[in-house]
Amino acid sequence: MSSVTQVSSYAKYLGLVRNLTNGQNKVDTLSEQLTTGKKSTDLNAYGAETQKLLALRAELTQRDAYVQNINTASPRVKATDTVLNSLEKIANDWQSSNLMPFQPGPATVTSAFNSNPDALKLTVNGDKSTFTQNARYTVTSIPSKDGVNGSFDVTVTDGLGGKTTRTINLKTVPPSDGGGYNFKIDGGPGEGAVLNLSFDQLTAASSSTFNVSWPQANDMRDRVEGALRDIQQLMNEQFGDRYLFAGSRYGTEPVGDLLAQPQSTRVTLNGSMVNADDYFEVSIDGKPFGYQVQPGDPKTVTFVASTLNSLIQSANPKLPIIASAANGIISLISEDPSQKFDVKARVQNSMSIDNSMTAPTTTQAATLPAPAGTGLKQIDSFALTGDGVDIGDTYEINVVVGDPEDPFNRKYYADHPDEPEDLPPYQQYTVRYTVTEKDYNNGVTDVSKVADMLRAEFTKTSPVPPVTIDPAGNGSTIQLTSNSTMDPNHPSRIQQFTTSVRAVNGQIDNTISVATLPSQADALTDLPYVDPPDLPFYDSEYMSNRKNSKAWDKAAVTIDDGQTLTYGVTSDDRAFQKLISAFRMAHVAASNPGKYEEYITKSRELMAQAKDEVRSVHSKVASDLATLEEKKTAHTTASATVVERIAGIEGIDETEVAARLRTSMNALEAAYTVAGQRQKLSLLNYIA
């Protein structure tokens, strides 16, 4: 074979290879166009329209970014809108008088519990009293320091820092208090309360207690606390890993206790007097502070309270509270409004002596005078028993002349018509002696000394009973002798008088009350704006960081060319501060029934303002949400137009491309068939 023929055959072979390659490339290009829907992914293929295509693609990318920004912000704004709906509803609902009554309702007063009714028995006249607080009142009586024997210093405490004392003697005409005795509380949140008490018995040292509560106001207070818990939960709402109302403090729960206020607790030593060996103890968060009254100590609750207060103040380590004492009341206030502390107290009273008096017996009966009889007078005898006496013990002698069932002797005269009608009418003579602190300190510490004091009181009786008492110095046994013998005109009346006695053990059993004071009103002054503003008291960082600009930050999102939207609300917004202040004022009103109307009026005013301001904040959020939706719609519409314009440049006719692809694939298949027939022809075979 000539060389020319060999070269020609090889050239044909190379041409076949090129045809197969070009055919495959054409099929690949058409397949790619059909798959992507674009003429080419190579910008060079678009020639003069390349710049236009790039601009359209950039616009589409920018609009997609705006939509993505909006999609990120919109759910947060919607969540904020939902929370504000709830807050606005709460503010609106609490305009109702059902939730926030105009009046606190009537007070409920329990019956007095009289620990020793023979010594002290009282009743509370609710209609004549003016109460101001939920309180447990304690009434104690001790022998008067300044009044005559039989007078008692009666002290009333409310456990909240209020106290009052007045001297009462039931043997005297009661003052013109309108019936009963008025006690006006002085000090503490219950100051101004007037308690009208009636005493059925006041003969020895003792105590009574009763409670005053306001069911309607207390129910409202519980509802307010529930509403504040709801508000706190709403303002601490999370969206994803962020707190909606925390500003840029994304991971910090913004709102703490909405009722936070320094805890103020009163420890009240009820009464005014203590005994030696009485033990008082106050425990704060489990740490006890105790003191036992020594014989040489002043026997007053003021002294004991002051001593306990000194122990509390000198605690090591120092307690985070402010302690003070006055008038037998210890005040404990937390330094940190968010800090609470637990207080317990107890009293171990010293041993008291149970005294009594023996039943009187007639040791000598009266007889007729001589010469018909021996002329003896009636003698009754009884004794005071016990190893000692207590301050506040009362001893009583009753001498009765005549018959209480026949006070004017009419029945007797009817039964004895021959006797003259000259008998004295029924008469009872009562003599009492109470062991006072002064007498006790002067040596009246046993029953013999008490018997002498009782003898002395007997001589002061007016009118004078028709009997005489044996003189002082005769010990603990007392004898009463009638002034006359039997009356010859009435020989059947042997008994000239009747004697009865009793000992009322008066115990100065001290008690101690612990009560946390009700919430107090916040100052309603408008604080000046500063930059950045101070954090409100309820902010979770209030105690550690009074200023934090991050608390006021709001999120910002770019939603269009040259347009940035600042959205969201912070927990420190003035609208929320006013809403919380309105509820706190309602809580103060419910907690202070005596000033309920004053505080509830302020609360209603704040609530109305808060509702309007929350609504305004809500309107801004709703407007932001509408703007986001509007911009998203605009970008979506514009993006669709851009997509159409891009498709007009780089788009294909799928039908045409599919037909061309089919033709190209047929041609490629034919070429491969030809090549297959020449599969044995290779360059080496051809040369060989």
Side-chain angles (χ1 to χ4, degrees), residues 106-117 119-148 150-214 266-274 300-302 305 326-329 392 434 506 508-513 515 517-518 592-595:
T108 298
V109 185
T110 64
S111 298
F113 172 75
N114 302 297
S115 61
N116 184 1
L120 172 63
K121 184 179 181 181
L122 61 87
T123 56
V124 185
N125 303 319
D127 294 337
K128 297 178 181 180
S129 300
T130 302
F131 302 109
T132 62
Q133 284 290 340
N134 293 283
R136 178 179 177 83
Y137 291 93
T138 301
V139 183
T140 58
S141 62
I142 64 169
S144 176
K145 294 180 180 298
D146 303 315
V148 299
S151 299
F152 292 86
D153 291 336
V154 179
T155 299
V156 180
T157 58
D158 62 4
L160 304 174
K163 196 171 189 178
T164 186
T165 300
R166 68 180 295 180
T167 302
I168 297 177
N169 189 330
L170 294 186
K171 293 188 295 185
T172 63
V173 178
S176 57
D177 286 348
Y181 295 82
N182 289 335
F183 289 81
K184 187 174 182 180
I185 296 296
D186 180 32
E191 185 172 38
V194 178
L195 281 65
N196 186 272
L197 306 179
S198 295
F199 296 89
D200 301 319
Q201 194 74 263
L202 180 56
T203 57
S206 190
S207 64
S208 297
T209 58
F210 60 92
N211 297 321
V212 175
S213 61
W214 307 74
R266 296 290 184 271
V267 180
T268 302
L269 280 63
N270 300 305
S272 59
M273 182 180 174
V274 299
T300 64
V301 294
T302 300
N327 200 24
I329 300 168
T434 301
I508 304 177
D509 283 346
N510 292 286
T511 59
I512 191 165
S513 302
L517 301 192
N592 297 271
K595 296 182 178 180

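Residue indices begin at 1 and follow the sequence shown.
- When each of D127, T130, N125, T123 is checked for a side-chain hydrogen bond (donor to acceptor under 3.5 Å, both in side chains) with N196, only N125 meets the rule.
- R166 CZ to N182 CG: the interatomic distance, rounded to the nearest 0.5 Å, is 7.0 Å.
- The two residues G392 and A204 make their nearest non-hydrogen contact at O-CB, 3.3 Å.
- The distance from atom CH2 of W214 to atom CG of N592, rounded to the nearest 0.5 Å, is 11.0 Å.
- The side-chain heavy atoms of I168 and F152, taken from C-beta on, include no pair separated by under 4.5 Å.
- The main-chain N or O of G506 is never found under 3.5 Å from a side-chain atom of N116 such that the two would form a donor-acceptor pair.
- Here the closest heavy-atom approach between residue A107 and residue F131 is recorded as CB-CD1, 4.4 Å.
- Residues R266 and L517 form a side-chain contact, since some pair of their non-hydrogen atoms from C-beta on lies under 4.5 Å apart.
- One distance of note links CG of L120 with CD1 of I142; it measures 12.5 Å at 0.5 Å rounding.
- Remark: the backbone N or O of T157 is not paired with any side-chain donor or acceptor of T138 at under 3.5 angstrom.
- The CD1 atom of I329 sits 9.0 Å away from atom OG1 of T302, with the distance rounded to the nearest 0.5 Å.
- Residues S206 and N114 have side chains not in contact (no heavy-atom distance under 4.5 Å, counting atoms from C-beta outward).
- Of the inter-residue distances, the one linking N134 atom CG with N211 atom CG reads 9.5 Å to the nearest 0.5 angstrom.
- Nearest approach of N270 to V301, heavy atoms of both residues: O-CG1, 4.4 Å.
- Between the side chain of T132 and the backbone N or O of G190, at least one donor-acceptor pair lies under 3.5 Å.
- Side-chain atoms of S144 and D153, non-hydrogen and from C-beta on, do get closer than 4.5 Å to each other.
- Closest approach of S115 to S207, counting heavy atoms only: OG-O, 2.8 Å.
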Requested in this report: Decide yes or no on side-chain contact (heavy atoms from CB on, under 4.5 Å) for L122 and V139, but give the supporting numbers first.
Outcome: CA-CA 9 Å; L122 61 87; V139 183; 3.7 Å; yes
Requested in this report: Report the C-alpha distance between Y137 and V124 in whole Å, list the side-chain angles of each, state the deciding distance to 0.1 Å, and finish with yes or no for side-chain contact (heavy atoms from CB on, under 4.5 Å).
Outcome: CA-CA 11 Å; Y137 291 93; V124 185; over 6 Å; no
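- Closest heavy-atom contact between M273 and N510: O-OD1, 2.7 Å.
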Requested in this report: Show the numbers, then the answer: is there a side-chain contact (heavy atoms from CB on, under 4.5 Å) between V154 and F183?
Outcome: CA-CA 9 Å; V154 179; F183 289 81; 3.8 Å; yes
Query raised in the report: Between F210 and L195, does a side-chain contact (heavy atoms from CB on, under 4.5 Å) hold up when you go through it step by step?
Result: CA-CA 11 Å; F210 60 92; L195 281 65; 3.3 Å; yes
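- Using a 4.5 Å heavy-atom threshold, the side chains of R136 and D158 count as separate.
- T140 has its side chain out of reach of S272: every pair of non-hydrogen atoms, C-beta onward, lies at least 4.5 Å apart.
- When all heavy atoms are compared, the tightest approach of K184 to V194 is CG-CG2, 4.1 Å.
- Side-chain contact between E191 and D186 is present, with heavy atoms from C-beta onward closer than 4.5 Å.
- Side-chain contact between T155 and K163 is present, with heavy atoms from C-beta onward closer than 4.5 Å.
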